[in-house]
Amino acid sequence: MPALRTFALCHQISTLSTVNLNKTINTFIGHGNLEEARKLFEQSPHLTNIVSWNSLISGYFKHNNTQQAQYLFDEMPQRDVISWNIMLSGYRNANNPDKVYRCLLHMNRYGDDRPNGLTFAVVISSFLHIDFKHLIPQLHGLLLRLGISLNVFVGSALMRGYIDLDDYKGLARVFYEIVDKDVTPWNVLILGYMKSGFTSEAQRTFDIMPRRNFFTWSTLINGYIENQKLNEARYVFDKMSEKDVVSWTAIIRGYVQYGDFMKALKLFKLMLNSGSTRPNHFTFSTVLYACAGHSAVLVGNQVHACILKSGFPLDVVLLTSLVDMYAKCGDIEVAFCIFESIHVKNLVAWNSIIGGYARHGLAERAIQEFERMLKSGIRPDVITFINLVYACGHGGLVEEGERIFNSMVTEYGLKAEMEHYACMVDLYGRAGQLEKAEKLIEGMPFKPDVVVWGAFLGACGLHSCIELGEIAANGIYTLENDHPAVYSVLSKIYGDKGVCSDITGLDKLMKKWRARKQKAGSWVE
DNA sequence: TTAGGGTTAG
């Protein structure tokens, strides 16, 4: 009997200690002190249980140390479904769907435990927007076979999956199968209807749903904006009795998207005056974009001051928005100073400053920044090269532009897109090398669009070249048979060349093109 | 573990 008592006592102590050990490990992890947690873990192997292992692994994932997490996981004497789910969500958060997939296969083959609802929710959400999404219906089948009921988590994730696959029947089916729906699946249903363009279905869902939250409102607002129904979005926004920062940002962004920068800025002012909602990073970036679009440097200055006053830490996105705003509003030097203050400059930040110099016609400085960017180890993308070729075109650096354009393909393995060709045509055109521009268009791997033809036509206008101008006009005609700019450029060329007497010929051409004299398109400078 | 908003070109 005493022996049994001793055993029970020991057992109690050891259980207690294990609980305490795990608590301490978690406290260390919570304070970001993984080393101490690990030390404690290694010092007391007799006290550790599966929970200690799981805590430590999850701690490594939280601190972005996936390698250690995987290493510990491999060493585990025994794993439960929680261990697997920690691995899956760790890799999902690390944006590594490949590993999620392999981990899932592994679990299926060797796991001691079966997957549960959480397993599927995590896996499905990490398969969204990528090729793995095609596995989602199979996962759906698998979880039904395993008898896992569709709770709001798995169900909502699955609904997202079917939206991603444009399978709206699947979406509705899952929605009806979810037991004990809370507001989330309703929100996802609205999202799905909006994504497929069924705005009235979305509205009907909104009207009949039992409860709504901020997500509901902003999903509806964004849906209307995506479907080009800004007025409806505004109507819904105005109906909100209590507006949160997300819906404010969304509606401001809506106006920005439609080019109504003035209204966007007015709304921002209204937001500040409302006193109830404070702007955040997202709002500021959006508003700065509006300032840039409207060349409203004074408002931009005020927003800048507002950001500084608000005490938000200036992250790279916000700083890039500032760089872009100042560059577009004409103050490239301030833009550069702010750019220099960015500690870790990413590709977008570099593109902004290079684009800024390009627009200011400072081709050498654009190239200089490009070289600095390369030295800092950032790889250029297609946008970098659009900016660079544009810069060379506006700075008269024809050969440099050619070299850069070619290096994009040969050195950086990027594919030249329509925009690059348009910039190159513009570059040759400005320099008066119209034959080269024509040759380039002929050799393009795809049919030129209206921007390419427009650049060419503009150049022909600039250099008063009738024959090539007519080729350009014809090119545009095949795409848009009554572009107004064609008329104004051609009549300029004919005028320059003194072929005014041929005005009846032009009239014929005009009839043929059914062009009307309207405001000239802005792509012809 | 599920559902909303941000930066570069066009």
Side-chain angles (χ1 to χ4, degrees), chain A residues 82 85-86 88-89 92-93 116-126 128 150-161 163 174 178 181-192 194 212-223 225-226 244-254 256-257 277 279-290 292 312 314-325 327-328 339 342 345-356 358-359 380-390 417-420 422-423 449-451 523:
Chain A
I82 299 172
N85 288 348
I86 289 171
L88 292 164
S89 62
R92 186 202 55 176
N93 296 340
N116 60 17
L118 176 58
T119 315
F120 284 96
V122 170
V123 172
I124 292 168
S125 64
S126 82
L128 294 175
L150 287 184
N151 66 18
V152 284
F153 293 107
V154 195
S156 304
L158 253 183
M159 285 174 74
R160 285 299 300 265
I163 294 174
V174 175
I178 295 176
K181 290 186 253 300
D182 66 0
V183 64
T184 304
W186 286 93
N187 289 345
V188 183
L189 191 63
I190 292 180
L191 182 79
M194 282 301 193
R212 302 181 189 113
N213 61 10
F214 282 127
F215 286 92
T216 322
W217 289 91
S218 54
T219 305
L220 196 66
I221 291 172
N222 275 315
I225 293 173
E226 264 176 55
D244 70 339
V245 61
V246 178
S247 52
W248 273 107
T249 309
I251 193 74
I252 293 174
R253 171 92 192 141
V256 169
Q257 265 175 332
T277 322
N280 64 13
H281 287 74
F282 294 85
T283 328
F284 284 131
S285 295
T286 304
V287 170
L288 285 172
Y289 189 89
F312 274 124
L314 290 162
D315 65 3
V316 62
V317 175
L318 206 44
L319 285 167
T320 303
S321 303
L322 280 167
V323 170
D324 187 59
M325 185 274 291
K328 282 187 179 145
F339 172 73
I342 304 176
K345 304 173 173 70
N346 64 14
L347 176 63
V348 179
W350 283 104
N351 282 347
S352 300
I353 196 67
I354 295 172
R359 272 190 304 276
D381 69 350
V382 286
I383 297 173
T384 320
F385 285 99
I386 289 173
N387 287 332
L388 286 170
V389 177
Y390 181 93
E417 293 172 1
M418 191 74 84
E419 286 88 349
H420 300 102
C423 287
D449 70 351
V450 71
V451 182
W523 42 264

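Chain naming here is simple, since letters A, B, ... match the order of the sequence lines and numbering starts at 1 in each.
- Taking CD1 of Ile221(A) as the start and CD1 of Ile251(A) as the end, the distance is 6.0 Å to the nearest 0.5 Å.
- Residue contacts for Arg359(A): at a heavy-atom cut-off of 4.0 Å it reaches the sugar-phosphate backbone alone, with no base atom in range.
- Note that the SG atom of Cys423(A) and the CD atom of Glu417(A) stand 11.0 Å from one another [nearest 0.5 Å].
- When every heavy atom of Ala290(A) is checked against every heavy atom of Val256(A), the shortest pair comes out as CB-CG2, 3.7 Å.
- Residue contacts shown for Asp182(A) are absent, as no nucleic acid heavy atom lies under 4.0 Å away.
- Nucleotides of DNA chain B with any atom under 4.0 Å from a heavy atom of chain A span, from 5' to 3', dT1(B) to dG10(B).
- Aromatic ring centres of His281(A) and Phe312(A) lie closer together than 6.0 Å.
- Using a 4.0 Å heavy-atom criterion, one finds that Asn213(A) contacts the bases of the nucleic acid, with or without backbone contacts as well.
- Contact annotation for Tyr289(A): backbone-only contact, meaning every heavy-atom pair under 4.0 Å involves sugar-phosphate atoms and none involves a base.
- Here Leu191(A) lies in heavy-atom contact (under 4.0 Å) with sugar-phosphate atoms only.
- Contact annotation for Val188(A): backbone-only contact, meaning every heavy-atom pair under 4.0 Å involves sugar-phosphate atoms and none involves a base.
- In this structure, the separation between NZ on Lys181(A) and OG on Ser156(A) is 10.0 Å, given to the nearest 0.5 Å.
- Within 4.0 Å of Lys328(A), counting heavy atoms only, lie sugar-phosphate atoms of the nucleic acid but no base atom.
- Using a 4.0 Å heavy-atom cutoff across all strands shown, Leu318(A) reaches at least one base atom of the nucleic acid.
- For Glu226(A), the salt bridge (charged side-chain N to carboxylate O under 4.0 Å, His left out) criterion is met by Lys195(A), not counting sequence neighbours.
- Residue contacts for Val245(A): at a heavy-atom cut-off of 4.0 Å it reaches a base atom on one of the strands shown.
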